[in-house]
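Following: one structure in structure tokens, then a few remarks.
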Number of protein chains: 2
Amino acid sequence: MDKLLTQFLAVADAGSLSGAATALFITQPTLSFNMNKLEEVVGAPLFERSSRGMTLTRYGETLYENARLMRRLYDNTLNAIADQKRGSERGMSIGSGYSWWTMFLRDMVVDYQREFPKAPVQVSLGNQLRLMDQMLSGDISMFLAHEIDGLSGAIGTDFVPLTRVYNAFFVREGHVLLGAPQSLSEIDSYPIVISSLAESRHERFFDPSRRRTRVETVFDRTSVAFRTNSLAACVDYALATDAVLVHTHVLRDHFRERGLVEVVQKDEPRRAVTGIYVLRERRGEARVEELIERITTACHAVLPPWEPAE
Amino acid sequence: MDKLLTQFLAVADAGSLSGAATALFITQPTLSFNMNKLEEVVGAPLFERSSRGMTLTRYGETLYENARLMRRLYDNTLNAIADQKRGSERGMSIGSGYSWWTMFLRDMVVDYQREFPKAPVQVSLGNQLRLMDQMLSGDISMFLAHEIDGLSGAIGTDFVPLTRVYNAFFVREGHVLLGAPQSLSEIDSYPIVISSLAESRHERFFDPSRRRTRVETVFDRTSVAFRTNSLAACVDYALATDAVLVHTHVLRDHFRERGLVEVVQKDEPRRAVTGIYVLRERRGEARVEELIERITTACHAVLPPWEPAE
DNA sequence: TGACAATATAGATTATTTCTATATCCAATT
DNA sequence: AATTGGATATAGAAATAATCTATATTGTCA
């Protein structure tokens, strides 16, 4: 991997130039020089220097995150080639949002592991952008999520559509909105709660031109009262206040069990597509395709299959 | 980005050394030399050379796909830092583990937002190390978590102790472990489920000397059957199998509602301190101090206050 | 204030990269 | 079968970049 970045990671990990220098078997002035150079390349200060060592600035933090990804991606790539040479199979791990995990993935995975105890599938739950991170660095080979609006093209992923979903609105029992069908603007007048927390480092997935239009920012107004990465926390919040929880309709029953009721909408809701993101490079591998197949089947046992838009 | 990979992409795209050389404004022998070197680094032949040019081998194909990802990742990282530099100041946001959220944070946040609807607080739930990440990169300004054992000093954070807690073990109803008090080693013989996904990138938070002794590695063995970042998924898994879920005792009631029962321990459990981590540089800001105050009050309404160790 | 532990700087040295020039290879053409 | 054109490979020289040694500077803690 890029030498400067390797050294950068070492310095960040060690917390000092001298420490990292020892670890890397080079001298401290070399690192000093190289880190200055890196800062010039990046165009931002990466460290705060003191007589106690080096601490990362927030730009340094961002670079650190991403440099870790790069190193993982790099290592995973070399391993993949080595595996390829040996002719051996690559491990597999899938990611998912919590909705799909509850809806059908859980059972599918349990079944799969019973059937192939030697070749287990690992599962990583999280938000779609984090999963995208993990997939791009080779830690997972596919994940289930909404089609991501405004996703930068040429990112090396395939999207296999599974089903259509729409955003529904959920409120606590006894809420004023529950009497009759409501229009979007009426719903909008209540505080909104959503379960997605964008992190600055994920900006990079989006085309700069479309950054402002993506789904996440639609609700990025003062009326988003509460925003978290935890669905359970959203439910808690909506139960305790008059806020409206926005989420895929597929969790309707799940929410109902927890005391949240769907608001009937006046207008036809906007639909979105859910499906599987796969690393393009892994398409065609037998086990990958089989898993896609299984997920598709499991999904369609519960949800209507996807049909191309009219 | 790494020079060799950049050149590799150029050669792959051009289909020949000479073509790529022209495009890169360097000479063909240089590329010839460098591609040989890259093959040595990767450990596999990347090209088939002929008098008509260079074609990728299957290893080359794999590298090509991944190198493109790396290039994107690299470019996007630089963009992200540039964006960050342009400075998007965000509102205040606090992090927490799910336990504290359920226990008292939820109500506190609800109250706070009622009082200050114009200055909402965002909440990020997740494991302590991830929250530390988010705090250092400016995404959140403080978070609630166990005192992190072996945390590196010079990291620029304050810790405000709140209360003492201990780890408990939870299993599905009817589990064999439930009959009588159990020793740690007996419990240990069952598959363990934990809701923390230790990521190696967090290593840098720890003093090198103490890295091997920290809490997370205690369970880092093959017997960790299932490990995820989602507490709900852990519960699902523990309900469906014989696995033992390890978690703070404070969620005892929460788990019981969901069908998991606490295993009675033979030995006195080890206690740990929970408190608030704050960016040292933000100490003193009125809103920050007020939030700390409120969290402290809310915590002590439910849990005993922290007393310095004897 | 003095010792210590850290980073920064300057100049010399070493290692690497790149270039020029030339050789070699292969296939299509004469 | 020889020639030609377009490609890669190799050798050695030249240029450039990376690293080291030695020393200065800075900040913290006792």
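Note on naming: letters A, B, ... go to the chains in the order of the sequence lines (proteins, then strands), and numbering restarts at 1 for each one.
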Select one nucleotide: of [options], the one nearest the side-chain heavy atoms of [X].
X       : options               : answer
A:Ile26 : D:dT8, D:dC20, C:dC19 : D:dC20
A:Ser18 : C:dA6, C:dA21, C:dT16 : C:dA6
B:Arg49 : C:dT16, D:dA9, C:dT9  : D:dA9

Checklist line | Contact summary for A:Met70 and B:Leu73, nearest pair of heavy atoms | finding: CG-CD2, 3.4 Å
Are [X] and [N] close enough that a side-chain N or O sits under 4.0 Å from OP1 or OP2?
X       : N      : answer
A:Lys37 : D:dA17 : no
B:Thr27 : C:dT18 : no
A:Lys3  : D:dT19 : yes
B:Ser32 : D:dA9  : yes
A:Asn34 : D:dT19 : yes
A:Thr30 : D:dC20 : yes

Next item on the list: Give a yes or no answer on whether the side chain of B:His300 reaches the backbone of B:Thr163 with a donor-acceptor pair at less than 3.5 Å.
Entry: no
Next item on the list: Using atom types as modelled and distance alone, determine if a side-chain donor or acceptor of B:Lys3 lies under 3.5 Å from a backbone N or O of A:Asp2.
Entry: no
Whole-Å distance separating the [atom1] atom of [X] from the [atom2] atom of [N]:
X       : N      : atom1 : atom2 : value
A:Glu48 : D:dG27 : CD    : P     : 13 Å
A:Gln7  : C:dT7  : CD    : C1'   : 16 Å
A:Met35 : C:dA8  : CE    : P     : 11 Å
A:Phe33 : D:dT21 : CZ    : P     : 17 Å
A:Phe25 : D:dT19 : CZ    : C1'   : 16 Å
A:Asn36 : C:dA10 : CG    : P     : 12 Å
B:Leu24 : C:dT18 : CG    : P     : 10 Å

Item checked: Trace of the side chain to side chain contact (heavy atoms under 4.5 Å, CB included) decision for B:Asp13 with B:Tyr64 -> CA-CA 9 Å; B:Asp13 286 334; B:Tyr64 182 77; 2.4 Å; yes
Next item on the list: Would you state whether a donor and an acceptor, one from the side chain of A:Gln28 and one from the base of C:dA8, lie under 3.5 Å apart?
Entry: yes
Check: Looking at B:Phe47 versus B:Phe8, is the centre-to-centre ring distance below 6.0 Å?
Finding: yes
